[in-house]
Amino acid sequence: MNRNKTAFLNGMRDGVPIALGYFAVAFSLGIVAKKAGLNPFQGFISSMLNHASAGEYAEFTVIMANAPYLEMAFVILVTNIRYLLMSCALSQRFDPGTSLFHRILAGFGITDEIFGISIGRAGALNPYYNYGAMAIALPSWSLGTACGIVAGNILPVSVVSALSVALYGMFIAIIIPVSKADKIVGGVVIASFLASFLVSRLSLFDSLSDSLKISLLTVLIAGLAAFFFPVKEEEEPLKHHTKEEPEYDA
């Protein structure tokens with residue numbers, strides 16, 4: 001149990017900057033939720049069940065349009081489809097003996113940033129690390145939405161937008177160390193930036209949602225990287241457990 005506790009506390013520690021960034025982003029999202037007619041409690045529950053700003057924005061837009069639930073479900077599915085890829089990638093980092101329950105619970109809390117700090121861990125990933133990050137980041141996301149509904153209109157829009165920049169800075173801080181340590185990873189990151197910028201500028205892809213664009217680029221770039229720069233089996237990170245987080249106690 002000590003191993004799980006250590007992993008959980010490490011996850012909470014690494015989740016603090018994510019929580020701060022989430023609160024700022026969700027605060028601005030709460031303004032949109034208020035326009036959609038949601039009260040603070042409804043906004044809190046919505047954010048606790050939907051952990052993506054794009055997905056929630058699409059959700060609130062559909063609510064304002066008085067669209068049926070089926071349309072809302074479809075829009076959120078398309079908007080958040082990239083998390084399917086993240087779940088598949090993260091599942092390979094858990095110890096093979098990790099139960100289905102732990103995999104599903106960790107998958108529920110996957111966000112771009114939690115995925116980033118989790119996939120960057122050395123050795124087999126302890127699901128309690130994810131739980132620690134989720135325990136502090138997800139309530140902050142939900143609380144930010146609720147506070148935005150209550151007091152979002154008090155602050156100038158420019159101030160709320162400026163607060164959200166911290167989240168992007170935090171995400172960059174996650175990928176830079178890994179990119180510096182591995183030239184191949186760094187090259188893939190740069191290629192991803194360039195490809196994402198190019199796709200955002202081409203009118204050919206205007207009909208696709210941002211999440212679908214990210215999903216397609218992820219499959220394409222990751223596939224090409226795996227084909228040209230395959231990781232040898234003896235180099236797999238799951239073969240080596242760190243001293244900090246060895247196999248977890250079930």
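Looking at Arg103, its side chain never comes within 3.5 Å of a backbone N or O of Pro127 through a donor-acceptor pair. Proximity of a side-chain donor or acceptor of Ser196 to a complementary backbone N or O of Phe193 within less than 3.5 Å is not detected.
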ask   = Are Tyr129 and Asp14 close enough, and set up right, to give a side chain to side chain donor-acceptor pair (under 3.5 Å), and what steps lead you there?
value = CA-CA 9 Å; Tyr129 175 82; Asp14 295 345; 2.5 Å; yes
message = If you apply the rule side chain to side chain donor-acceptor pair (under 3.5 Å), what do you find for Thr145 with Ser47, and how did you get there?
response = CA-CA 7 Å; Thr145 303; Ser47 290; 2.5 Å; yes
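Under the 4.5 Å side-chain criterion, counting only non-hydrogen atoms from C-beta, Val32 is in contact with Met64. Looking only at side-chain heavy atoms (C-beta outward), Phe60 and Ser46 come within less than 4.5 Å of each other. Contact check for Leu90 versus Ser118: side-chain heavy atoms found under the 4.5 Å cut-off. A heavy-atom distance below 4.5 Å is not found between the side chains of Ile76 and Glu56.
Side-chain heavy atoms closer than 4.5 Å link hydrophobic residues (I, L, V, M, F, W, Y) into clusters, and following such links, possibly through other members, connects Phe101 to Ile110.
For the ring-ring contact (aromatic ring centres under 6.0 Å, His included) test, no residue two or more places apart in sequence or in another chain qualifies with Tyr57. Residues passing the ring-ring contact (aromatic ring centres under 6.0 Å, His included) test with Phe115: none are found, sequence neighbours excluded.
If you look at Tyr128 and His102, their ring centroids are closer than 6.0 Å.
Under the 4.0 Å criterion applied to side-chain N and carboxylate O atoms, Asp206 and Arg201 are not assigned as salt-bridge partners.
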Under 3.5 Å, sequence neighbours excluded: what are the donor-acceptor pairs made by side chains of residues 176-189?
{"from": "Ser179", "atom 1": "OG", "to": "Ile175", "atom 2": "O", "distance (Å)": "2.8"}
{"from": "Asp182", "atom 1": "OD1", "to": "Ile184", "atom 2": "N", "distance (Å)": "2.9"}
{"from": "Asp182", "atom 1": "OD1", "to": "Val185", "atom 2": "N", "distance (Å)": "3.4"}

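No donor-acceptor contact under 3.5 angstrom links the side chains of Asp95 and Asn126, judged on distance only.
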